[in-house]
Amino acid sequence: MSKYDPLWAYVAADGRAAFTLRFDQIAAIVGLPIDHAFLIYKKELTAYGYRVGKISMKGQTVAFEKL
């Protein structure tokens with residue numbers, strides 16, 4: 001089980017073609033702050049039918065896109 005599984009489930013349940021979440025929203029969903037390991041874990045999201053799009057460090061956001 002991945003520490004980001006709650007986020008992947010949240011993204012898949014959302015169902016929109018594309019949307020963006022702020023880092024603080026992700027932290028609330030996962031229960032811990034987003035860190036550099038996210039870059040490694042993000043490939044797990046494809047199993048849920050989505051991919052991680054643009055990650056904005058300045059805007060503190062992550063874009064999600066349906067495959």
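Worth knowing before you read on, the calculation uses all heavy atoms, side chains too, and leaves out hydrogens, waters and symmetry mates. For this chain, numbers begin at 1 and follow the sequence in order.
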Minimal non-hydrogen separation, [X] against [Y], with atom names:
X	Y	value
Gln25	Arg22	OE1-N, 2.7 Å
Tyr50	Arg16	OH-O, 2.7 Å
Pro33	Ala27	CA-CB, 3.9 Å
Lys3	Val30	O-CG1, 3.2 Å

Of all residues at least two apart in sequence or in a different chain, which pass the side chain to side chain donor-acceptor pair (under 3.5 Å) check with [X]?
X	value
Lys66	none
Tyr4	Asp35
Thr20	none

Parallel, tilted or perpendicular for Phe38 and Trp8, by the 30°/60° rule?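 Phe38 and Trp8: tilted rings.
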
Is Met57 reachable from Ile34 through a run of hydrophobic residues whose side-chain heavy atoms are each under 4.5 Å from the next?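 As far as the 4.5 Å side-chain criterion goes, Met57 and Ile34 are connected within one cluster.
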
More than 12 heavy atoms from other groups under 6.0 Å of NZ on Lys54: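 Not buried by this count: 12 neighbours or fewer within 6.0 Å.
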
Hey, does [Y] have a side-chain heavy atom less than 4.5 Å from the side chain of [X]?
X	Y	result
Val11	Tyr48	no
Asp5	Tyr41	no
Val62	Leu21	no
Ile26	Tyr10	no

Starting at CZ of Phe23, measure out to OG1 of Thr61 and round the result to the nearest 0.5 Å.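 Going from CZ on Phe23 over to OG1 on Thr61, the span is 6.5 Å.
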
Out of curiosity, Phe19 CZ to Asp14 CG, how far, rounded to the nearest 0.5 Å?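 Separation between the atoms: 4.0 Å.
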
